[in-house]
Each structure stands twice: as C-alpha cells, then as structure tokens.
Amino acid sequence: MAERMLTNREVASLLRRIGDILDILGEDRFRVQAYRRAADNIEALGQDLADLWRAGQLQEIPGVGKALAEKLDELLRTGRLGYYERLQAQVPEGVVDMLAIPEVGPRTARLLWQQAGLTSIAEVKAAAEAGKLRQLPGLGAKSEANILAGIEALARRSGRTPLGMAWPLAQELLAALRATAPGLLRAEAAGSLRRWRATIGDLDLLAAAQDSKPVMAAFTALPQVAEVLLSGETKTSVRTHAGLQADLRVLPPDRWGTGLQYFTGSQAHNIALRELALKRGYSLSEWALKRPDGSELLCAEEEAVYSALGLSWIPPELREDRGEIEAADKGTLPELLELRDMRGDLHAHSDWSDGAASIEAMAEAARARGYAYLLISDHSQGLGVARGLTPERLAAQRAEIEQLNRRWSDFRLLHGVEVEIRSDGTLDLPDETLAGLDIVIASVHSGLRQERERMTARVVAAMRNPHVDIIGHPSGRLIGQREESSVDLDEVLKVAAQTGTVLEVNAHPSRLDLDDVHIRRAVEMGIRLAINSDAHNPGGLEVMVYGVATARRGWATAADVVNTRPLDEVMGLFKA
DNA sequence: GCCGTTTTCGGCCCGACTGTTTTCAGTCG
C-alpha cells in the first residue's frame with residue numbers, strides 16, 4: 001500500500017494531467033474526455049476513493065470502467081502509475097502547463113513545442129516578444145499578440161472569484177444594463193452564479209431582446225467595462241475594472257428558455273441533457289429543440305425545455321451531472337431546502353468577544369429577519385486575539401441574555417459558545433461550563449497545519465465529548481486564501497453518524513464549509529446539518545442565503561437541517 | 001477512455017467567435 005493514501009483531489013488532478021498530455025499528443029478526444037470526466041466524478045465523491053477501492057467498488061463511479069479501475073488500483077496500491085510516467089516522458093511538463101494560457105489549446109501547445117522547440121511558458125513569452133511566433137504555420141501577428149496577452153492575463157489572474165464577491169458585481173452589471181439597454185426585455189445571471197458555485201470563473205449574463213445590437217452596444221459602454229475582449233452579434237465578452245471577465249449573450253424572448261438552460265450549465269449537465277435529448281428525438285441547443293425534420297420547438301421558459309424531454313424542472317444548484325437528470329426522469333428529485341425554511345441561526349458573535357455589535361443588536365437583527373431564535377456563540381478564552389470568554393464571563397453573559405429574553409414572546413436568544421478545539425484535542429472550557437450552555441459549537445482555529453492523523457483525532461475527540469453539539473466550519477478552508485486543513489472529513493462524517501453530532505454548513509461566502517460535495521454525502525448518511533451565518537455584526541446574518549444555496553447544491557432538504565425547526569424542537573434536539 | 005429499453009461496436013453536444021484562411025481549424029463554454 002502507498003505510504004500515504006492519495007486524496008481524491010490528487011487522483012483527480014493526475015487524471016486531468018493524463019488527459020492534457022493525451023490531448024497534446026493528438027489522441028482521440030473522447031479518450032481525453034474520459035479522463036477528465038472520471039476526474040470530475042472522483043472529486044464529487046464526498047468519500048475517500050480509497051474506501052471504494054478497498055471495497056472493490058471503483059467501477060461504480062460514473063465514468064470509471066475496467067481500464068481506469070485498473071489504473072486507479074495500481075495508483076492506490078503503489079502510489080505510482082506507470083502509464084502516467086510513460087506519458088510524462090513524452091511531453092515536457094512546461095508544454096502541458098501552456099494549456100493554462102487563455103487562447104492556447106492542445107494544438108497550439110503542440111505547435112509551439114514541436115515546431116518552435118518551446119518547452120515552457122517563459123520561453124513562449126520570450127518568443128512572442130521577439131516576434132517569432134507569427135512565423136509559425138497557422139499563427140499570425142494577432143495570434144502572437146493574443147498569446148502574449150493570455151500569458152499576462154494568466155500571471156495577473158488569481159484564479160476563481162469567491163461567490164460572495166462575484167454575486168454583487170453581477171447584480172450591479174445587470175442593474176446597469178437594465179437601466180441603459182434599449183429594448184431589453186429580461187436580463188439574468190446564468191452560469192456558475194445561477195448554480196451558486198462557491199467560486200466563479202466568469203460572470204455569465206443572459207439578456208432577451210428582439211434586437212441584440214443596441215443591447216451589446218449598451219453593455220460595452222457600461223462604466224464597469226475596462227476592455228472588450230470579443231464581440232459578435234449574440235455574444236460579447238468584456239473584462240471589468242474589477243478584473244473579472246463578463247460574458248453577455250442576447251437572445252430573442254421566445255428562445256429565452258433554451259438560452260437560459262444552455263447558459264446556466266454546467267457543461268457536464270448540458271452534455272448529458274443533450275445526449276438524452278437525442279435519444280428522445282431532439283437536438284438541443286441554446287436556440288431550440290430541433291426535430292429530425294428540421295422543425296424547431298421554441299421554449300420561452302426553461303421549464304418547457306425539461307418537460308419536452310420528459311423531465312421535471314431541475315433546480316440550477318443540482319445541474320452538475322451528478323445524477324440529477326436520472327432523478328428528474330424518475331421524478332425523484334429532492335424537495336430542496338429554501339431560504340424561507342430557516343427559522344433561526346445557530347452561530348453568531350457579539351461584542352463580548354470579536355463581534356462588532358451588542359447582543360441586543362444582534363437579536364433585533366435576527367428578529368427582523370423573521371427568525372424565532374439566535375444562538376450567541378462567542379469565542380472561548382483560549383482564542384486571545386478574539387477576546388475569548390472565560391467561564392466567569394460566560395456566566396455574566398448568560399445573565400444579560402436572560403435579561404434580554406424577558407423582552408420578547410416571539411423570539412428567543414440561546415446561549416452558547418464556540419469553544420476552541422485545542423491542539424491536543426482537548427476543549428478550551430471545562431465540561432461543567434459547557435454543560436450549562438444551551439448549545440456548544442466546537443471549532444478549530446489554530447494549529448491548522450497539523451498532519452492528518454492528529455488533526456482528525458482532535459476533531460473526533462471533540463465530537464465524542466457529550467457536551468459538544470455542533471462542529472463549526474469542519475474543514476477550515478478559507479476560499480481563495482487557505483486550503484482546508486488536513487482533517488479527514490470522511491472520518492468526521494462517519495463519527496458524526498455515530499455520535500449524532502451536528503455538522504455546520506458555515507454560510508459565510510469565504511467559508512461555505514462543509515462544501516457541497518460533503519453535504520451531499522452527509523445527507524446520504526443521515527447526518528444532521530446546521531446552516532449558520534457566523535455573523536460578527538447584524539449585517540452578517542444576511543449571508544445565510546449562500547449557506548442555503550450550498551446546502552441545496554448538496555441535495556439537502558429542510559428535514560436535513562436542524563435550524564429549520566421551531567424553537568421547542570431545536571431545544572429538544574440538543575437537550576437529548 | 002466509457003457505455004448500452006434501438007447497440008458489446010460504434011457512437012460519444014452544440015454552437016459562437018476569431019484568425020488565417022479561400023472553406024476551416026482552434027478555442028471556449
């Protein structure tokens with residue numbers, strides 16, 4: 001067995017790398033796609049690939065057949081893959097890296113390598129600057145400039161943008177477009193924004209108008225636009241001053257349904273849906289459902305697209321080709337959780353620790369949202385930077401909360417704490433203190449770089465403490481800033497299923513932790529979730545919408561989430 | 001490479017846009 005079991009992500013990235021090399025070598029594109037598809041599905045597992053391997057169930061993963069199962073077996077058994085190593089010997093690493101340059105695909109990378117002898121992005125840049133690329137067959141001065149611009153964009157780009165930053169930007173662009181574009185009938189965000197993915201590549205916007213030209217003109221004239229990247233009759237791409245790329249597609253209103261369906265994606269969902277359409281006698285594109293005789297079935301609404309294919313409408317959050325089409329076909333899609341199902345928030349801070357507002361202000365903000373309860377869960381003593389609370393200050397805080405609770409008949413403050421899970425796995429407050437609180441969240445904030453076994457043991461120890469009710473932001477990731485800790489979430493889920501510990505879906509857009517993939521696995525395992533804002537000021541409660549969307553991406557229903565329940569049920573749940 | 005209520009062989013989504021082309025290849029989503 002390998003010294004250290006490879007993570008799903010590491011395996012997926014190796015498979016993608018194989019796909020890239022095969023692509024550059026000019027292999028059959030469906031073989032290339034097979035590696036990429038398998039990589040996606042392994043990343044979407046939510047449980048350790050190694051577990052499936054031990055159970056002999058690798059081929060149950062969609063897109064993994066006999067050949068890939070054999071390769072995965074070798075990889076998991078030995079930590080190496082001979083096939084990959086032989087491929088690596090054929091194409092220099094720097095050539096594979098060139099695929100990351102916008103405008104450079106497999107054919108161009110191969111051309112740059114074999115015809116010009118370039119083997120790294122740096123060499124391509126130097127050659128472009130020296131005007132040597134334009135001499136290559138099929139490339140001209142414009143291509144050379146585009147490649148150079150692509151390399152610069154690559155260096156500038158910091159990867160995908162967190163949902164919490166992209167969403168407001170998209171709304172701003174849409175509002176500006178609605179205000180200025182002549183003849184605009186509808187305009188909405190599509191793409192990964194509409195699917196509420198945790199991170200966004202480009203902003204995908206869709207508009208309906210009889211005449212696209214004035215809409216395109218208004219779009220490129222928006223003050224947010226820094227540069228027009230490409231513009232055609234139905235599609236325009238721009239770079240905004242914020243650095244994000246935004247794509248606008250314009251369609252006539254009677255084709256809005258197929259257009260929105262197409263532009264929402266995901267690509268994998270669209271491919272699977274279009275394959276199904278072919279089986280059911282249609283060719284599906286953004287323009288229409290086309291019958292074999294060439295006649296078109298136009299769909300002004302998205303529901304009509306799915307129903308024409310015999311499917312129930314699929315919520316955008318589920319459109320990742322992870323079984324949603326089969327479920328829609330059988331009529332077994334889950335009734336997803338809605339924002340309005342949320343009756344309270346079980347993670348909020350006040351100015352007793354590192355929050356910015358009084359308990360009273362936080363309570364009134366929660367009441368204004370229509371909540372029936374709010375858990376005040378300030379940090380514990382060990383987190384010095386957050387002015388964490390000692391047992392004595394917690395007792396004083398309890399008195400204030402009891403005082404405030406006399407005020408309302410329709411709302412209740414709950415008293416809790418977000419207790420530190422210390423490096424050795426012990427908790428930062430004594431059991432007798434924890435026993436006196438309504439709900440205890442246990443979280444890791446320090447020692448995040450511990451190795452996997454120790455980190456996992458810490459969290460598991462906390463879960464086994466009978467006073468701990470919820471594990472806060474279980475993976476510790478900060479999107480775009482910090483990878484998740486080394487904690488073995490697979491093990492955490494297994495223990496949660498035993499102990500009944502609730503796992504948090506931290507709704508802050510920089511966390512979204514648990515992520516969608518592990519939420520889905522938790523739901524399958526019957527683990528209860530709490531979707532919490534982790535608010536540090538009254539406005540912070542508003543991030544709940546991101547947490548709900550992430551839970552929806554994990555196929556969660558209201559029944560899976562404890563803070564959809566009324567106060568008495570919640571209290572009963574945590575007392576037990 | 002995978003996959004199968006039309007197939008175990010022969011399929012594998014579909015279209016927009018650009019650049020370098022005289023009709024199409026490459027890239028992207």
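Reminder, nothing fancy here: chain letters follow the sequence lines and each chain counts from 1. Excluded from the calculations below are hydrogen atoms, water molecules and symmetry mates; all remaining heavy atoms, backbone and side chain alike, are included.
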Given atom CD1 of A/I325 and atom C1' of B/dC3, what is their separation to the nearest angstrom? 16 Å

Partners passing salt bridge (Lys or Arg N to Asp or Glu O under 4.0 Å) against A/D513 (at least two apart in sequence or in another chain): none

Go along nucleotides 13-19 of chain B 5' to 3' and tag each nucleotide: B for a protein heavy atom under 4.0 Å from its base, S when only backbone or sugar atoms are that close, - otherwise. BBSSSSS

Determine the Euclidean distance between corresponding C1' atoms of B/dA16 and B/dG11; express it in Å to zero decimal places. 25 Å

Please confirm whether the shortest side-chain N or O distance from A/K66 to OP1 or OP2 of B/dG1 is below 4.0 Å. no

For the P atoms, the ones on B/dC13 and on B/dG19, what distance do you get once it is rounded to whole angstrom? 28 Å

Roughly how far, to the nearest 0.5 Å, is NZ of A/K330 from CD1 of A/I325? 13.0 Å

Could you tell me how far B/dG15 sits from B/dT7 if I compare only their C1' atoms? Round to whole Å. 28 Å

Here the distance between atom C1' of B/dC12 and atom CG of A/D321, to the nearest Å, is 13 Å

If I pick the P atom on B/dC12 and the same atom on B/dT8, what distance separates them, to the nearest angstrom? 16 Å

Starting at CG of A/L276 and ending at P of B/dT5, how long is that distance when rounded to a whole Å? 12 Å

Rounding to the closest angstrom, what is the interatomic distance between B/dC17 and B/dT21 at atom P? 22 Å

According to the Watson-Crick and G-U wobble definitions, with both distances under 3.5 Å, which nucleotide is paired to B/dA25? B/dT18

The reported gap from CZ in A/F263 to CG in A/L205 (rounded to nearest 0.5 angstrom) is 7.5 Å

Distance, C1' atom - from B/dC14 to B/dC9, rounded to whole angstrom: 24 Å

From CD of A/Q59 over to P of B/dC3, roughly how many Å is that when rounded to an integer? 8 Å

List for me each residue that meets side chain to side chain donor-acceptor pair (under 3.5 Å) alongside A/R319, sequence neighbours excluded, and say none if there are none. A/E302, A/Y306

